There are 2 protein chains.
Amino acid sequence: MNEGPDIAQIGALIGDPARANMLTALMGGKALTATELAAAGGITVQTASTHLAKLEAGNLLAQRKQGRHRYFTFADDSVGKFLESIMGFAAGRGHLRHKPGPKEPALRKARICYDHLAGDYGVRMLDSLIARGAIDAIGEGLALTENGENELKRIGIDVHALKSSRRPLCRSCLDWSERRAHLAGSLGKALLSNFLETGWARRTAESRSVIFSPEGERQFLALFPATK
Amino acid sequence: MNEGPDIAQIGALIGDPARANMLTALMGGKALTATELAAAGGITVQTASTHLAKLEAGNLLAQRKQGRHRYFTFADDSVGKFLESIMGFAAGRGHLRHKPGPKEPALRKARICYDHLAGDYGVRMLDSLIARGAIDAIGEGLALTENGENELKRIGIDVHALKSSRRPLCRSCLDWSERRAHLAGSLGKALLSNFLETGWARRTAESRSVIFSPEGERQFLALFPATK
DNA sequence: ACGATGCTTCGGTTAAGATCGAAGTATGAA
DNA sequence: TTCATACTTCGATCTTAACCGAAGCATCGT
């Protein structure tokens, strides 16, 4: 015993339902205030405050003061990535919530995974990009091809700018609902931003689901045809 | 709230120190009895029994009766993979144990990560394989080259047999001590087995560390030279 | 300056669950 | 059959921490 990193600590941090709900709410990618997170966790602000202090002490969250509000976000990208991987693990093991609820279908169709598109549409997009040779998939790794770089430029994505960032361009992220990979990394983020900016899709206020407009959906499906 | 998989459940399962220690002990790859796991967790057998029942109900562990013993192992490969990823996450966040203990250096040098080699030597091996063009690394993905396939056959690894298995041949696994990738997948497993069978190395009884013999170490270092 | 809002800290209650002793079940050995 | 070993179940205790009311800071608007 007494070997290696202390996984019990982070396990305990995630293991409380209220904290888990607050973390899940942050998967939407938006910075949220303590009050908003309290609502997400179904608890009072006092209780939320102590939870948030613990999450911050555990380096899972960071806060940014702005006026009398305190905005909480993940301490860094790896937290969101890690949480999504837990969700995949949990879903694969049948650890689903008791009541699926009416929102589930929308979540499965398209949702925000911290900063990129996940769900059925996210998986479809990556599959389609691979099928047309825009992205090479080797094992779990993804690489943008020259061909793909040109295609994305045509859509209006400045691949060159993305490449200069420290963050990896393409990363695969395991989808809890589809149990297949979707596109993460700075390119995945850029694509989602693009959809939101052009009005093809919008995020909902209280949920992580992404709603496509009729026109946006048509364009999206045409741009990323089903594979086979 | 009430969205998606229930991450709180598995968080809680991992969040108890006794359970975390038992799970960590199983990272050694060997099936362990309830009594052994109780010792690893620092608790009595009664308590361990209830913990093990919970872990089994949560589909993290599976048990195999054999005479009057009950051997516990991970329910499947994904559990070990997942736990190592938590360790990487925890280590990156400074969640290390309070007292490093005397075993730590050995653990950092070479240890078993469920079924393959991790630690300094594990990272060195993968780096070396990539440097000589035996393995292609694209993003987080790894692929064995034709060149590499021939080299491994020379060492005595039946790559063809490995390819026929359902499990991916090469996978990268993030190392909590080195914070870099090492080789997992069926190839990683085969390489470790090879080292153990040829007597280059042996596993210790109570720890996850892997001890190289003087001769084995010489051979290993020659076979996988440091990159730069 | 004053009140309103957002959040944190303190104190006391309560509920969950980790723990172990003791008793019960199953398997193996003598 | 009888005893020993391996493990589980039961029952009771006890620690931990989640929770909220109340009070205390800090910041903004007026």
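So you know, we letter chains A, B, ... as the sequences are listed, proteins then strands, and number each from 1. From a predicted model like this one, the values you see are computed outputs, not experimental measurements.
- Closest to the side chain of A:Thr47, from the set C:dC20, D:dT8, D:dC20, is D:dC20.
- Rounded to an integer number of Å, the gap from A:Ile43 CD1 to D:dC20 P is 7 Å.
- As judged by a 4.0 angstrom heavy-atom cut-off over every strand, A:Ala48 is placed among residues making no nucleic acid contact.
- Remark: B:Phe212 pairs with B:Tyr121, B:Phe220 by the ring-ring contact (aromatic ring centres under 6.0 Å, His included) rule, at least two apart or across chains.
- Remark: A:Asp77 engages A:Arg167 in a salt bridge (Lys or Arg N to Asp or Glu O under 4.0 Å) (not counting sequence neighbours).
- For B:Lys189, there are no salt bridge (Lys or Arg N to Asp or Glu O under 4.0 Å) partners, not counting sequence neighbours.
- Non-hydrogen atoms lying under 4.0 Å from DNA chain C are contributed by A:Arg68, A:His69, A:Arg70, all within residues 57-71 of chain A.
- When the side-chain nitrogen and oxygen atoms of B:Thr44 are compared with OP1 and OP2 of C:dT19, none of them lie within a distance under 4.0 Å.
- Taking only side-chain atoms of A:Ala34, from C-beta outward, the nucleotide of D:dT8, D:dA17, C:dT8 with the closest atom is C:dT8.
- Put simply, B:Lys54 has a side-chain N or O that comes within less than 4.0 Å of OP1 or OP2 on C:dA18.
- Summary of the strand contacts: B:Arg19 and A:Thr33 both lie near DNA chain C, and taking for each the nucleotide with the nearest heavy atom, the more 5' one is attributed to A:Thr33.
- Using a 4.0 Å cut-off, some side-chain N or O of A:His51 falls inside it from OP1 or OP2 of D:dC19.
- A:Arg202 pairs by the side chain to side chain contact (heavy atoms under 4.5 Å, CB included) definition with A:Thr204, A:Ile211, not counting sequence neighbours.
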Next on the checklist: Determine whether A:Thr24 and A:Leu83 satisfy the following criterion, side chain to side chain contact (heavy atoms under 4.5 Å, CB included), listing intermediate values before the conclusion.
Outcome noted: CA-CA 8 Å; A:Thr24 304; A:Leu83 287 176; over 6 Å; no

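- Legend: salt bridge (charged side-chain N to carboxylate O under 4.0 Å, His left out) pairs involving residues 26-55 of chain B, not counting sequence neighbours: none detected.
- Not one N or O on the side chain of B:Arg208 forms a donor-acceptor pair closer than 3.5 Å with the backbone of B:Arg111.
- Comparing D:dA22, D:dT8, C:dA18 by their nearest atom to the side chain of A:Gln46 picks out D:dA22.
- If you measure from atom CG of A:Leu52 to atom C1' of C:dT9, you get 14 Å, rounded to the nearest angstrom.
- Per the geometry, CD belonging to B:Glu36 stands 16 Å off P belonging to D:dT5, to the nearest Å.
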